[in-house]
Amino acid sequence: MNPSQRSPFSHRFYADDPLVVAPGLLGALLIHHHPERGLLAGRIVETEAYRGMEDKACHASKGITKRTAPMFGPPGHAYVYLIYGMYEMLNAVTWPEGQPSAVLIRGVEPIAGIERTTNGPGKLTRALGIDRSLNESDLVSGRLIIVPDQIISKDCVETTPRIGVDYAGEWAEKPWRFCVRANPHVSKMPKRRSATV
DNA sequence: GCACGGATTTCC
DNA sequence: GAAATCCGTGCG
(Lines give C-alpha, C1' and ligand atoms only; values in the text may rest on other atoms or scores of the structure.)
Protein backbone atom coordinates (compact mmCIF):
# COMPACT_ATOMS: atom_id res chain seq x y z
CA MET A 1 0.00 0.00 0.00
CA ASN A 2 1.23 3.44 -0.86
CA PRO A 3 2.27 4.99 2.47
CA SER A 4 0.75 8.33 1.49
CA GLN A 5 -2.66 6.60 1.44
CA ARG A 6 -2.32 5.14 4.94
CA SER A 7 -4.12 6.72 7.86
CA PRO A 8 -2.08 9.30 9.76
CA PHE A 9 -1.52 8.99 13.50
CA SER A 10 -4.71 10.05 15.32
CA HIS A 11 -5.24 12.99 17.64
CA ARG A 12 -5.54 10.41 20.41
CA PHE A 13 -2.03 9.16 19.65
CA TYR A 14 -0.64 12.66 20.12
CA ALA A 15 -2.63 13.24 23.32
CA ASP A 16 -0.21 10.88 25.10
CA ASP A 17 2.95 11.81 27.01
CA PRO A 18 5.64 13.32 24.75
CA LEU A 19 8.03 10.74 26.21
CA VAL A 20 5.82 8.09 24.58
CA VAL A 21 5.08 9.97 21.37
CA ALA A 22 8.71 10.95 20.67
CA PRO A 23 10.05 7.38 20.36
CA GLY A 24 6.72 6.35 18.84
CA LEU A 25 7.29 8.64 15.86
CA LEU A 26 10.60 6.98 14.93
CA GLY A 27 10.18 5.05 11.68
CA ALA A 28 7.07 7.00 10.71
CA LEU A 29 6.75 9.02 7.52
CA LEU A 30 6.55 12.78 7.50
CA ILE A 31 4.59 13.66 4.38
CA HIS A 32 4.18 17.15 2.96
CA HIS A 33 1.83 17.69 0.04
CA HIS A 34 3.64 20.79 -1.17
CA PRO A 35 1.59 23.21 -3.27
CA GLU A 36 4.33 23.55 -5.92
CA ARG A 37 6.83 20.77 -5.33
CA GLY A 38 4.31 17.94 -4.95
CA LEU A 39 4.81 15.02 -2.59
CA LEU A 40 7.76 15.44 -0.24
CA ALA A 41 8.38 12.71 2.32
CA GLY A 42 10.97 11.57 4.84
CA ARG A 43 11.23 8.87 7.48
CA ILE A 44 11.60 10.20 11.01
CA VAL A 45 14.82 8.97 12.63
CA GLU A 46 15.42 11.48 15.42
CA THR A 47 13.10 13.27 17.85
CA GLU A 48 13.18 15.15 21.14
CA ALA A 49 10.49 15.53 23.82
CA TYR A 50 9.70 18.92 25.39
CA ARG A 51 7.50 18.36 28.35
CA GLY A 52 5.44 20.88 30.27
CA MET A 53 6.02 24.19 32.01
CA GLU A 54 8.45 22.68 34.53
CA ASP A 55 10.84 21.65 31.76
CA LYS A 56 13.16 24.65 31.53
CA ALA A 57 14.26 23.60 28.06
CA CYS A 58 10.66 23.75 26.84
CA HIS A 59 9.49 27.06 25.41
CA ALA A 60 6.26 26.61 27.35
CA SER A 61 8.23 27.13 30.58
CA LYS A 62 7.94 30.85 29.83
CA GLY A 63 4.18 30.57 30.06
CA ILE A 64 1.55 31.00 27.40
CA THR A 65 2.60 33.71 24.95
CA LYS A 66 1.99 34.48 21.32
CA ARG A 67 4.92 32.24 20.42
CA THR A 68 4.25 29.31 22.77
CA ALA A 69 0.45 29.22 22.43
CA PRO A 70 0.44 26.32 19.94
CA MET A 71 2.02 24.06 22.57
CA PHE A 72 -0.92 24.75 24.85
CA GLY A 73 -3.33 23.94 22.07
CA PRO A 74 -4.83 20.66 20.86
CA PRO A 75 -2.51 17.68 20.29
CA GLY A 76 -1.70 16.52 16.81
CA HIS A 77 -1.11 20.01 15.49
CA ALA A 78 2.17 21.55 14.33
CA TYR A 79 4.28 23.99 16.31
CA VAL A 80 6.66 25.66 13.84
CA TYR A 81 8.91 28.50 14.95
CA LEU A 82 11.91 30.46 13.69
CA ILE A 83 15.24 30.08 15.48
CA TYR A 84 18.47 32.05 15.07
CA GLY A 85 16.74 34.22 12.52
CA MET A 86 17.01 31.63 9.79
CA TYR A 87 15.83 28.13 10.62
CA GLU A 88 12.30 26.81 11.01
CA MET A 89 11.78 24.05 13.58
CA LEU A 90 8.96 21.52 13.31
CA ASN A 91 7.26 20.07 16.37
CA ALA A 92 4.18 17.91 16.92
CA VAL A 93 2.06 19.11 19.84
CA THR A 94 1.36 16.41 22.43
CA TRP A 95 -0.59 15.94 25.67
CA PRO A 96 -4.19 17.15 25.93
CA GLU A 97 -5.06 20.80 25.34
CA GLY A 98 -3.87 22.97 28.22
CA GLN A 99 -0.88 20.73 29.04
CA PRO A 100 1.95 22.19 26.97
CA SER A 101 4.36 19.77 25.37
CA ALA A 102 5.71 18.87 21.97
CA VAL A 103 7.99 16.54 20.06
CA LEU A 104 10.70 18.18 17.95
CA ILE A 105 11.42 16.39 14.66
CA ARG A 106 15.22 16.53 14.47
CA GLY A 107 16.10 14.13 11.69
CA VAL A 108 14.51 12.42 8.70
CA GLU A 109 15.76 10.06 6.02
CA PRO A 110 14.78 11.18 2.49
CA ILE A 111 11.99 9.11 0.92
CA ALA A 112 10.38 11.16 -1.83
CA GLY A 113 10.91 14.44 -3.66
CA ILE A 114 13.79 15.57 -1.45
CA GLU A 115 16.70 17.33 -3.16
CA ARG A 116 19.04 18.11 -0.30
CA THR A 117 20.36 16.67 2.95
CA THR A 118 17.94 16.46 5.83
CA ASN A 119 20.03 15.71 8.90
CA GLY A 120 19.42 18.34 11.53
CA PRO A 121 16.16 20.07 12.44
CA GLY A 122 16.83 23.27 10.50
CA LYS A 123 17.83 21.47 7.32
CA LEU A 124 14.95 19.01 7.23
CA THR A 125 12.32 21.72 7.32
CA ARG A 126 14.06 23.41 4.39
CA ALA A 127 14.32 20.15 2.46
CA LEU A 128 10.62 19.47 3.02
CA GLY A 129 9.47 23.04 2.37
CA ILE A 130 8.10 23.43 5.89
CA ASP A 131 7.78 26.96 7.28
CA ARG A 132 5.76 28.99 9.76
CA SER A 133 2.75 29.06 7.47
CA LEU A 134 2.19 25.52 8.78
CA ASN A 135 2.27 26.62 12.43
CA GLU A 136 -0.82 25.26 14.21
CA SER A 137 -1.87 23.22 11.18
CA ASP A 138 -3.46 19.83 11.78
CA LEU A 139 -0.99 16.94 11.38
CA VAL A 140 -3.89 14.50 11.03
CA SER A 141 -5.81 16.09 8.18
CA GLY A 142 -3.70 18.95 6.79
CA ARG A 143 -1.24 19.08 3.91
CA LEU A 144 1.53 18.10 6.35
CA ILE A 145 0.86 14.74 8.01
CA ILE A 146 2.68 11.95 9.84
CA VAL A 147 1.75 8.33 9.07
CA PRO A 148 2.92 5.10 10.74
CA ASP A 149 5.28 3.00 8.65
CA GLN A 150 8.22 1.09 10.08
CA ILE A 151 8.13 -0.20 13.62
CA ILE A 152 11.46 0.47 15.33
CA SER A 153 12.27 -2.11 17.99
CA LYS A 154 13.34 -0.86 21.40
CA ASP A 155 16.81 -2.27 20.83
CA CYS A 156 17.24 0.10 17.93
CA VAL A 157 16.20 3.23 19.82
CA GLU A 158 19.04 5.19 21.37
CA THR A 159 18.39 7.87 23.98
CA THR A 160 20.66 10.83 24.79
CA PRO A 161 20.30 14.24 26.39
CA ARG A 162 18.68 16.89 24.20
CA ILE A 163 20.87 19.08 22.02
CA GLY A 164 21.37 22.82 22.34
CA VAL A 165 19.64 23.26 25.69
CA ASP A 166 22.61 23.54 28.06
CA TYR A 167 21.02 26.66 29.55
CA ALA A 168 18.27 24.50 31.06
CA GLY A 169 20.34 23.19 33.98
CA GLU A 170 19.23 19.81 35.28
CA TRP A 171 16.59 19.62 32.55
CA ALA A 172 19.36 19.51 29.95
CA GLU A 173 20.48 16.21 31.47
CA LYS A 174 17.21 14.35 30.83
CA PRO A 175 17.61 11.60 28.21
CA TRP A 176 14.75 12.92 26.12
CA ARG A 177 16.34 12.69 22.67
CA PHE A 178 15.44 9.56 20.70
CA CYS A 179 17.31 8.29 17.62
CA VAL A 180 17.28 5.25 15.41
CA ARG A 181 20.59 3.61 16.30
CA ALA A 182 23.35 3.94 13.70
CA ASN A 183 21.10 5.67 11.18
CA PRO A 184 23.21 8.00 8.99
CA HIS A 185 20.54 10.70 8.94
CA VAL A 186 20.68 11.30 12.68
CA SER A 187 22.28 14.68 13.42
CA LYS A 188 25.73 14.57 14.90
CA MET A 189 26.16 15.39 18.56
CA PRO A 190 27.91 18.68 19.27
CA LYS A 191 30.48 18.80 22.03
CA ARG A 192 28.80 19.63 25.29
CA ARG A 193 30.12 22.06 27.82
CA SER A 194 31.11 20.34 31.02
CA ALA A 195 28.57 20.82 33.75
CA THR A 196 29.52 23.36 36.41
CA VAL A 197 29.33 21.90 39.90
C1' DG B 1 11.29 51.26 22.63
C1' DC B 2 15.60 48.53 23.13
C1' DA B 3 18.84 44.92 24.35
C1' DC B 4 19.47 40.16 24.58
C1' DG B 5 19.89 35.61 22.98
C1' DG B 6 18.13 31.35 21.00
C1' DA B 7 15.45 23.47 20.43
C1' DT B 8 21.11 25.84 14.11
C1' DT B 9 24.33 25.70 10.56
C1' DT B 10 28.38 26.98 8.20
C1' DC B 11 32.61 29.03 7.54
C1' DC B 12 37.28 30.86 9.26
C1' DG C 1 35.51 30.38 17.53
C1' DA C 2 32.10 33.30 15.57
C1' DA C 3 28.89 35.07 12.09
C1' DA C 4 24.41 34.98 9.85
C1' DT C 5 19.82 37.13 10.78
C1' DC C 6 14.91 37.64 12.92
C1' DC C 7 11.84 38.20 16.43
C1' DG C 8 9.88 36.95 21.08
C1' DT C 9 10.65 38.22 25.64
C1' DG C 10 11.76 41.12 29.49
C1' DC C 11 12.47 45.33 31.28
C1' DG C 12 12.22 50.46 31.37
Side-chain angles (χ1 to χ4, degrees), chain A residues 14 17-26 30 42 44-73 75 77-95 99-110 114-137 139 144 146 157-180 183-196:
Chain A
Y14 292 103
D17 191 312
L19 293 177
V20 173
V21 176
L25 287 178
L26 296 178
L30 177 64
I44 298 172
V45 299
E46 178 181 355
T47 58
E48 282 179 358
Y50 288 86
R51 190 170 186 263
M53 299 184 69
E54 284 188 343
D55 177 5
K56 290 288 189 293
C58 180
H59 291 163
S61 65
K62 296 190 177 293
I64 185 165
T65 66
K66 185 178 177 184
R67 184 201 204 194
T68 66
M71 282 213 277
F72 290 77
H77 288 240
Y79 168 42
V80 185
Y81 66 91
L82 182 72
I83 190 67
Y84 302 118
M86 59 191 87
Y87 298 107
E88 321 266 343
M89 305 291 256
L90 170 66
N91 299 250
V93 174
T94 53
W95 264 350
Q99 291 180 261
S101 69
V103 172
L104 170 67
I105 311 299
R106 279 195 64 91
V108 305
E109 173 182 334
I114 292 180
E115 297 164 344
R116 53 176 86 196
T117 59
T118 59
N119 57 317
K123 290 200 288 186
L124 79 86
T125 51
R126 242 174 228 183
L128 283 169
I130 295 164
D131 60 29
R132 282 165 291 167
S133 68
L134 286 161
N135 192 28
E136 298 190 283
S137 72
L139 295 173
L144 180 67
I146 304 177
V157 177
E158 188 173 1
T159 65
T160 79
R162 294 169 293 180
I163 292 176
V165 296
D166 286 349
Y167 61 85
E170 62 178 297
W171 294 94
E173 309 296 321
K174 307 267 184 200
W176 288 358
R177 173 173 176 255
F178 303 86
C179 317
V180 176
N183 185 290
H185 299 93
V186 168
S187 67
K188 71 171 191 184
M189 290 268 282
K191 290 173 188 167
R192 292 183 83 221
R193 282 187 292 245
S194 54
T196 49

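A note on names: the letters A, B, ... follow the listed sequences, proteins ahead of strands, and every chain is numbered from 1.
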request  = Report yes or no: do A:Ser61 and A:Glu54 form a side-chain donor-acceptor pair below 3.5 Å?
outcome  = no

ask   = Rounding to the closest angstrom, what is the interatomic distance between B:dC2 and C:dT5 at atom P?
value = 22 Å

key: base_contact_polar (B:dA7 base, A:Tyr87 side chain, donor-acceptor, <3.5 Å)   = no

key: Any donor-acceptor N/O pair, A:Glu46 side chain to A:Val180 backbone, under 3.5 Å   = no

query = Backbone N or O of A:Tyr79 within a donor-acceptor pair of the A:Asn91 side chain at under 3.5 Å?
reply = yes

ask   = What integer distance in Å separates A:Lys62:NZ from B:dA7:C1'?
value = 12 Å

query = When we call it a touch if two heavy atoms are under 4.0 Å apart, what does A:Met86 touch: a base, just sugar-phosphate, or nothing?
reply = base

inquiry  = What is the first contacted nucleotide of DNA chain C and what is the last, in 5' to 3' order, if contact means an atom lying under 4.0 angstrom from a heavy atom of chain A?
reply    = C:dA4 to C:dT9

key: Steps toward salt bridge (charged side-chain N to carboxylate O under 4.0 Å, His left out) verdict (A:Asp131, A:Arg126)   = CA-CA 8 Å; A:Asp131 60 29; A:Arg126 242 174 228 183; over 6 Å; no

Whether A:Arg162 side chain and A:Trp171 backbone form a donor-acceptor pair below 3.5 Å = yes

query = Any donor and acceptor pair, going by atom type alone, linking the side chain of A:Glu173 with main-chain N or O of A:Pro161 inside 3.5 Å?
reply = no

query = What is the distance, rounded to the nearest whole Å, between atom CE of A:Met71 and atom P of B:dA7?
reply = 10 Å

message = Could you check whether A:Arg67 makes a cation-pi contact with A:Tyr81, meaning its NZ or CZ is under 6.0 Å from the centre of the six-membered ring and within 45° of the ring axis?
response = yes

Side chain to side chain contact (heavy atoms under 4.5 Å, CB included) evaluation trace for A:Leu124 with A:Asn119 = CA-CA 6 Å; A:Leu124 79 86; A:Asn119 57 317; over 6 Å; no

key: Donor-acceptor contact below 3.5 Å, side chain A:Thr125 vs main chain A:Glu88   = yes

Below 3.5 Å is the cut-off: list the nitrogen or oxygen pairs between protein and nucleotides 2-6 of chain B, distance only.
none

ask   = When Watson-Crick pairs (N1 to N3 and N6-O4 or O6-N4) and G-U wobble pairs (N1-O2 and O6-N3) count only below 3.5 Å on both distances, what is the dot-bracket string of DNA chain C, with | for other-strand pairs?
value = ||||.||||||.

inquiry  = We want to know whether A:Ser101 and A:Arg51 form a side-chain donor-acceptor pair, criterion being a heavy-atom distance below 3.5 angstrom.
reply    = no

message = I need the CG-P distance between A:Asp166 and B:dT8, as an integer number of Å.
response = 10 Å

query = Is a side-chain N or O of A:His77 found less than 3.5 angstrom from the main chain of A:Glu136, in a donor-acceptor match?
reply = yes

task = Can you tell me the distance, in whole Å, between the CZ atom of A:Phe178 and the C1' atom of B:dA7?
result = 15 Å

